[in-house]
Number of protein chains: 2
Amino acid sequence: MNFDTIDIELLALLQEDCKKTTKEYALKLGLSVTAVYERIKRLEKNGVIQKYVALVNKKEIEKGFTALCHVKLTQHTKKYVSNFERDIIKLTEISECLHLSGDYDYMLKINVKDIEAYREFIVSKLTAINHIGSTQSSFVIAEVKHTTAISI
Amino acid sequence: MNFDTIDIELLALLQEDCKKTTKEYALKLGLSVTAVYERIKRLEKNGVIQKYVALVNKKEIEKGFTALCHVKLTQHTKKYVSNFERDIIKLTEISECLHLSGDYDYMLKINVKDIEAYREFIVSKLTAINHIGSTQSSFVIAEVKHTTAISI
DNA sequence: CTTGAAAGGAGATATAA
DNA sequence: TTATATCTCCTTTCAAG
């Protein structure tokens, strides 16, 4: 799909706040309501906009402690890899699992209440998964920048 | 703020799709429209819900290549740290910058078109920032799991 | 692309139970 | 606390320029 500068501006607005009225977007973009409406529908239809979600403040729901955990597998056969990935997806504490190039196989992002909860997670949930060779954790001291918006 | 099980269900629904009508949430939760409406407003007012955003498909906007980059600073004086963070925030390719415990000072997540664009970013933008001691990049081979929803 | 119109629906508040 | 009613505004579609 091709984007003109208005599409790009519109995507930036929607990534910042998707609950404004079409009228408000139209005003900011200098277009009519209908035009903006059609553009949004087009972006949705083409899969450029995947979904609309509420973002929740982690601290308010007692998930203010974030850790990154690098994981190496013992083997890299297809079976081991897919079993590991299947199990990881089920763990609700994990918001992100990236398969990486380089020294480590996977990087997990884990959201829990505090460091005790993290220890409990590692001991009773993560290391219960088969074929994990080693893990190495880092703790997030500060989120300097964290945005779901991707600028074109 | 305290949550009952309905709040928790509601937050899960809103984190999955925030564009449904209050009526639909009410139906799923077995409550009246007014009750759900009041709960949502309460969650917003208390800062539990931070914002509502559109999530964009990275591949569709030519930002399908994701890299993680560990950064060490040469020094850790307050001035160096805050200058570094100020500069990082300005770079639109960076969607995330975490200050970490452990071997590395920072982890950056970078979204660009492809590996050539990544090289260009590193050479001309990232290393242009002062007081960076070393960087080490890993490339994302697959996003096994990636969710903005945090389950309570 | 724009404007205007029209139907139906949802948001928001007030009121009753 | 819930449910109901009401009014206003928004969404969505259409037609015509």
Side-chain angles (χ1 to χ4, degrees), chain A residues 1-63 147-152, chain B residues 1-63 92 113 147-152:
Chain A
M1 184 177 160
N2 272 6
F3 308 103
D4 60 17
T5 54
I6 293 174
D7 288 319
I8 291 168
E9 280 181 72
L10 177 56
L11 277 174
L13 293 172
L14 292 170
Q15 287 186 100
E16 182 56 36
D17 181 357
C18 69
K19 282 280 187 130
K20 291 203 163 81
T21 62
T22 312
K23 197 175 178 178
E24 288 182 87
Y25 299 124
L27 222 81
K28 292 197 188 194
L29 297 171
L31 288 183
S32 70
V33 172
T34 313
V36 174
Y37 178 80
E38 300 292 352
R39 279 173 185 267
I40 293 174
K41 290 301 152 195
R42 185 165 139 267
L43 291 168
E44 291 169 356
K45 207 157 290 169
N46 289 315
V48 178
I49 295 173
Q50 279 184 316
K51 50 162 133 176
Y52 297 98
V53 301
L55 297 183
V56 163
N57 186 337
K58 293 195 286 277
K59 282 178 192 158
E60 293 289 334
I61 57 171
E62 305 219 313
K63 300 285 177 186
T147 174
T148 55
I150 299 178
S151 46
I152 307 182
Chain B
M1 182 178 161
N2 273 4
F3 308 103
D4 60 17
T5 53
I6 292 173
D7 288 320
I8 291 167
E9 281 181 71
L10 178 55
L11 277 175
L13 293 173
L14 293 170
Q15 287 186 101
E16 182 54 38
D17 181 358
C18 69
K19 282 279 187 132
K20 290 202 164 80
T21 63
T22 313
K23 197 174 177 179
E24 288 183 85
Y25 299 124
L27 223 81
K28 293 197 186 193
L29 298 170
L31 288 183
S32 70
V33 172
T34 315
V36 174
Y37 179 80
E38 299 293 351
R39 279 176 187 266
I40 293 174
K41 289 299 151 197
R42 185 164 137 268
L43 291 168
E44 291 170 356
K45 206 158 291 168
N46 289 316
V48 179
I49 295 172
Q50 281 183 315
K51 51 161 131 176
Y52 298 98
V53 301
L55 298 184
V56 163
N57 186 337
K58 293 196 285 279
K59 282 179 192 160
E60 293 288 335
I61 58 170
E62 305 219 310
K63 299 286 179 184
T92 56
K113 183 182 176 190
T147 174
T148 55
I150 299 179
S151 46
I152 305 183

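Everything numeric in this text was worked out from a predicted model, so none of it was measured. Every chain is numbered from 1 and lettered A, B, ... according to where its sequence line falls, protein lines coming before strand lines.
- Across the protein-nucleic acid pair, A:E38 atom CD and D:dA15 atom P stand 13 Å apart, rounded to whole Å.
- Between A:Y37 atom OH and C:dA6 atom P there is a gap of 19 Å when expressed in whole angstrom units.
- Look at A:K41 and A:E38 and you find no salt bridge, because none of the NZ, NE, NH1 or NH2 atoms lies under 4.0 Å from a carboxylate O.
- Picking from D:dT12, C:dT2, D:dT2 the nucleotide with the shortest atom distance to the side chain of A:L31 gives C:dT2.
- Among the atoms of the strands shown, only primed sugar atoms or phosphate atoms (P, OP1, OP2) are found under 4.0 Å from some heavy atom of B:K41.
- Taking atom NZ on A:K23 and atom C1' on D:dC10, their separation rounds to 9 Å, with Å as the unit.
- When rounded to the nearest whole Å, the span between CG of B:L27 and C1' of D:dT2 equals 16 Å.
- When the shell of 6.0 Å around NZ of B:K51 is examined, it contains more than 12 heavy atoms from other residues, nucleotides or ligands.
- Residue B:K59 qualifies as open at atom NZ: its count of foreign heavy atoms under 6.0 Å is 12 or below.
- DNA chain C is contacted by both A:S32 and B:V33; A:S32 maps to the nucleotide lying nearer its 5′ end (nearest heavy atom per residue).
- Side-chain proximity of A:T22 to the nucleotides D:dT11, C:dA12, D:dT2 is greatest for D:dT11.
- At a threshold of 4.0 angstrom between heavy atoms, the contacts of B:T21 are confined to the sugar-phosphate backbone, with no base atom among them.
- Note: NZ (A:K19) to P (C:dG11) measures 7 Å, nearest angstrom.
- Side-chain atoms of A:R39 lie closest to C:dC1 of the nucleotides C:dC1, D:dC10, D:dT2.
- Note on B:D7 versus B:R39: salt bridge recorded, some NZ/NE/NH1/NH2 to OD/OE distance being below 4.0 Å.
- In this structure, of C:dG4, C:dA10, D:dC10, it is C:dG4 that holds the atom nearest to the side chain of A:T34.
- Atom P of nucleotide C:dA10 and atom OH of B:Y25 are separated by 12 Å, given to the nearest angstrom.
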